[in-house]
There are 2 protein chains.
Amino acid sequence: MLIAPKKNQYALRAIFELAKQQGKGPTKVSDIAKAQSIPVRFLEVILNQLKGSGLLEAKRGFYGGYLLVREPDKITVGDIFQFMEGRKASVSCVTCDSESDCPFHGDCVFSKMWNRVKDAVFTVFNETTIQDLIESEKKQTKVI
Amino acid sequence: MLIAPKKNQYALRAIFELAKQQGKGPTKVSDIAKAQSIPVRFLEVILNQLKGSGLLEAKRGFYGGYLLVREPDKITVGDIFQFMEGRKASVSCVTCDSESDCPFHGDCVFSKMWNRVKDAVFTVFNETTIQDLIESEKKQTKVI
DNA sequence: CTACTTCCTGACAAATAAGGTCAGGAATTT
DNA sequence: AAATTCCTGACCTTATTTGTCAGGAAGTAG
């Protein structure tokens, strides 16, 4: 049961990391990569794409890097995943790749269930903000 | 967002078809395949695996085929998917392939969210019985 | 200006998983 | 015994995911 491909999870972690660094000026890709153990080159590609979401901005050159342009409590996990999914032609029925592809002409018994599942998943995503995750981490940290 | 691979969806559709044929004796793989547009050879493999779930039985020879051994209103979609997933080492954190694989030692902020997602998905699966699907189909059928 | 650092971009390569096939064998029924 | 069905494991193909690379563009410091 794969719900989000690694790429999307990297996107989430990157934004999570940016949120933690907020107020400290731009954060370099290499720093984000290190903090979240993400392959740098790959992350470069992902962050570049994420610019299109309007959630973050890039600054080049010395002291360059990425920074969030929206408050962490206004960014939901759903925002991020929806954007990442949107890049690759979203799917109406979860079962089939397209309606024309569906042997039951887009009207199968299962599509209703799949939509309920999709809704359930995005309900969780939409009610989880980056701020929530940050606070959750603070509580979780064990001071061994 | 891939929630169930085609193989699992074929499994569901096959059982759905068997439920519709209940009481009429064993149904041949080839008939199920035709009714649900599933590649025969592939379905053969899937049904054979599904025997292990205890939901169905096979009969060989002339007039052979598969039949359900549990009532359609006692079989949930969750039963089917859980069995299919179970075959390939279930995953604790949805993010990582294994805890040892997790760069955050199985204790990342995200695992909680993933578990909530997983629960939400299986709630839908577990409350949907094969009987529900059959009735849903009856209503849906248009008499154009 | 120039050297340095950073992001940017598209093309490309490798690994993995999914989807599907095949041949031959084992039961079962007529 | 002949026909029919399921059974089984090994195999192949394709698609997706995951990443890599080289070179360029933009910004900053000195």
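Per chain, numbering begins at 1; letters A, B, ... match sequence-line order. Side chains included, hydrogens not; waters and symmetry mates left out as well; all remaining heavy atoms used. Keep in mind that this is a model prediction, so the values were computed, not measured.
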Look at [X] and [N] and indicate whether a side-chain polar atom (N or O) is within less than 4.0 Å of OP1 or OP2.
X     : N      : value
B:Y10 : C:dG20 : yes
B:K51 : D:dT8  : yes
B:N48 : D:dT8  : yes
A:K28 : C:dT6  : yes

Whole Å only: how far is the [atom1] atom of [X] from the [atom2] atom of [N]?
X     : N      : atom1 : atom2 : answer
B:Y66 : D:dT5  : OH    : C1'   : 10 Å
B:R60 : D:dA2  : CZ    : P     : 20 Å
B:L67 : C:dT28 : CG    : P     : 13 Å
B:M84 : C:dG19 : CE    : C1'   : 12 Å
B:I46 : C:dA18 : CD1   : C1'   : 11 Å
A:Q49 : D:dG19 : CD    : P     : 14 Å
A:K59 : C:dC7  : NZ    : P     : 13 Å
B:R41 : D:dA10 : CZ    : P     : 17 Å

Give the nucleotide from the list [options] with an atom nearest to the side chain of [X].
X     : options                : value
B:F62 : D:dT18, D:dT20, C:dT29 : C:dT29
A:K7  : D:dA29, D:dT18, C:dT30 : D:dT18
B:P5  : D:dT18, C:dG19, C:dC22 : C:dG19
A:E44 : D:dT18, C:dT29, C:dT9  : C:dT9
A:V29 : C:dT5, C:dC7, C:dT29   : C:dC7

Close side-chain approach of [X] and [Y], heavy atoms under 4.5 Å:
X     : Y      : answer
A:Q82 : A:F125 : no
B:L12 : A:M113 : yes
B:D79 : B:R70  : yes

Report task. Using heavy atoms to find the nearest nucleotide of DNA chain D for A:Y63 and A:P39 separately, return the residue whose nucleotide is more 5′. Result ->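 Closest to the 5' end, via its nearest nucleotide, is A:P39.
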Query raised in the report: Between A:L43 and A:G61, who's closer to the 5' end of DNA chain D by nearest nucleotide?
Result: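 Mapping each residue to its closest nucleotide by heavy atoms, the 5'-most match is A:L43.
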Requested in this report: Please state whether the rings of A:F16 and B:F110 are parallel, tilted or perpendicular, taking 30° and 60° as the class boundaries.
Outcome: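 Plane angle over 60°, so perpendicular.
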Query - Option among B:N126, B:D132, B:V124 that satisfies the side chain to side chain contact (heavy atoms under 4.5 Å, CB included) test with B:T76 - result: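 It is B:N126, the one option of B:N126, B:D132, B:V124 that forms the side chain to side chain contact (heavy atoms under 4.5 Å, CB included) with B:T76.
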Report task. Classify the nucleic acid contact of A:F42 as base, sugar-phosphate or nothing, counting any heavy atom under 4.0 Å across all strands shown. Result ->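 It contacts base atoms.
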